[in-house]
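From a predicted model like this one, the values you see are computed outputs, not experimental measurements.
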Amino acid sequence: MSSTVHSYLRFLQHHGKVRYMALPRDPNETSYLLPPDSKDWEGQSAPDFVYGQKDLVVEGVQWPRKAPCDLDTLPLSRFDSALCSAWRQRMELGLFRYCLGELQTQTLPGAVGFVAQLNVERGVQRRQPQHIKSMSQAFDPEQFNFNKIRPGEVLFRLHREPDLPNALQQEDILVVINVSPLEWGHVLLVPEPARGLPQRLLPSALQAGVEAVLLSLHPGFRVGFNSLGGLASVNHLHLHGYYLGHRLPVEGAPSEPLDPRGHLHLIRALPAPGFLFYISGPGPDLEAFISRVCWATDYLTDHEIAHNLFVTRGAPPGNTLPSSVLTGVRVILWARKSSFGMKEESRRMEPSTCKTSESEEEYVEEEESEEECTKEEATVPSSPPQQAFSKAGYAAFENKSPLSIIATKIPKKITAPDDLEVGRRKRRRKRR
């Protein structure tokens, strides 16, 4: 075993995290750990993580008074235990590109509350992003895809019991480690990899992401989706899931309704205005909820508008606050200026107000006030939306055609990653 892995094990022991490596006590309980001999990995199929209505937790998941928090300070669900034990074992076995230690994290001063992290190894070790030409780019089996990963990288397969109401057509959703993790427990949700689906959001994939958030007892387990041209580095359908022990402003940012029934809202308070969809939990409305979100992402994709989507526990829409209780699930959708080609990004600025820096210099720069960052980097419209929402537009949205909503609410000015770098250079010159 390498010295790096030995150092990682000492880190785990120091922080009391090795206990999750224990084998299941019940001999009938499914084990999500790999067998000791790597020769047995090749022919072993991924175990099923079977869940039903009782496993989806809606009430009682809240942030403790003293945040941030990690997995040692909160109760774990069956899903959390399965994911964390299997994820940590893969880290011990050296299946990641680097060992993820305790990341330096800070909340920037200011009204928004940006969360910034330093992850140098990701910037050095991650796989080079693919060359993306357009939003409609077809899947290319010759490029890297999730059919080419090592058998040990698959943790388990999400399998939904038939007791869940209005469940969309069941697909195999593989839960796979991200070998270049952004955060603790960073996994990918990959629907039926053998189908070779391009990176375009599908209803069944989004439902798996929403249900994964509800399967976790940790308030900081989130799921995200990046479109082509919107930070996606692999053109093979996948969502990201990870733990972040910090509140994010998107959980309770105030919003305004865009339709009479409250199906669609607009968040203005964040640096990047976004569309907000909210559901209180699984039930008969879930399928319609998923359908509305995917019709919005379909519209953006069809019109070559890159986008990011974020799924988190959060407060109902309205005049809420960052400290609001987490009563349901928020899905926030951001339109962004497309960025095509093969580009290395040294710093990722997500509209969810969480930044990942991959160098010490850039992490130190984050200490400047968020107001200065926001002034030059935020994707804020230069003027309020020009058109009010109309009854005709709402009827179109109900008929799964959100054109009149999306088109009139997309910010007139959308910032691209290259624009962010220009803003950073300007601030460096000011400080000199």
- prompt: So, D55 side chain and L215 main chain: donor-acceptor pair closer than 3.5 Å or not?
  reply: no
Heavy-atom check, side chain of Y278 versus side chain of S255, under 4.5 Å: no
- request: Can you measure from CD1 (I332) to CD (E251) and round to the nearest 0.5 angstrom?
  value: 9.0 Å
message: Once you measure the plane-to-plane angle for F146 and H238, does it fall in the parallel (<30°), tilted (30-60°) or perpendicular (>60°) bin?
response: perpendicular
query: Taking it one step at a time, do S77 and D80 satisfy side chain to side chain donor-acceptor pair (under 3.5 Å)?
result: CA-CA 5 Å; S77 67; D80 295 320; 3.0 Å; yes
query: Honestly, is R195 close enough over F139, meaning NZ or CZ under 6.0 Å from the six-membered ring centre and within 45° of the axis?
result: no
- prompt: How long is the span from the OG1 atom in T297 to the CZ atom in R292, to the nearest 0.5 Å?
  reply: 13.5 Å
task: Using a 4.5 Å cut-off on heavy atoms from C-beta on, say whether the side chain of P282 contacts that of L214.
output: yes
task: Report yes if the side chains of F275 and L258 come closer than 4.5 Å at any heavy-atom pair, otherwise no.
output: yes
query: Do V293 and L309 have side-chain heavy atoms sitting under 4.5 Å apart?
result: yes
task: Apply the test side chain to side chain contact (heavy atoms under 4.5 Å, CB included) to residues E211 and Y51: give CA-CA distance (whole Å), side-chain angles for both, the deciding distance (0.1 Å), then the verdict.
output: CA-CA 10 Å; E211 290 176 353; Y51 65 95; 2.5 Å; yes
- prompt: Taking the side chain from S216 and the backbone from H218, do they hold a donor-acceptor pair closer than 3.5 Å?
  reply: yes
query: Do any N or O atoms from the side chain of Q199 and from the backbone of N226 form a donor-acceptor pair under 3.5 angstrom?
result: yes
task: On the 0 to 90° scale, with breaks at 30° and 60°, tag the H186-H240 ring pair as parallel, tilted or perpendicular.
output: tilted
message: Once rounded to the nearest 0.5 Å, what's the spacing between atom CD of E153 and atom CZ of R90?
response: 10.0 Å
Exam field: side chain E304 to backbone M135, donor-acceptor pair closer than 3.5 Å: yes
- request: Applying side chain to side chain contact (heavy atoms under 4.5 Å, CB included), run through Y32 and V175 and close with a yes or a no.
  value: CA-CA 11 Å; Y32 304 100; V175 179; over 6 Å; no
statement: The reported gap from CG in L228 to OG1 in T301 (rounded to nearest 0.5 angstrom) is 8.0 Å
field: More than 12 heavy atoms of other groups within 6.0 Å of E59 CD
entry: no
- request: For residues L202 and P191, determine if any side-chain heavy atom of one lies less than 4.5 Å from a side-chain heavy atom of the other.
  value: no
- prompt: Yes or no on side chain to side chain contact (heavy atoms under 4.5 Å, CB included) for F289 and L206, after CA distance, side-chain angles and deciding distance?
  reply: CA-CA 10 Å; F289 170 81; L206 177 58; 5.8 Å; no
query: Run the side chain to side chain donor-acceptor pair (under 3.5 Å) check on T312 and R330 step by step: do they pass?
result: CA-CA 5 Å; T312 182; R330 284 186 161 205; over 6 Å; no
task: Measure up the F79 and F221 rings against each other and bin them: parallel (under 30°), tilted (30 to 60°), perpendicular (over 60°).
output: perpendicular
query: Looking at R200 and D302, does any basic side-chain N land under 4.0 Å from a carboxylate oxygen?
result: yes
query: How long is the gap from CG on N308 to CG on L333, to the nearest 0.5 Å?
result: 8.5 Å
Minimum side-chain heavy-atom gap I177-M91 below 4.5 Å: no
query: Once you round to the nearest 0.5 Å, how far does CD1 of I267 lie from CG of L276?
result: 4.5 Å
- request: Work out which heavy atom in V154 is nearest to a heavy atom in A46; give both atom names and the distance.
  value: CG1-CB, 3.6 Å
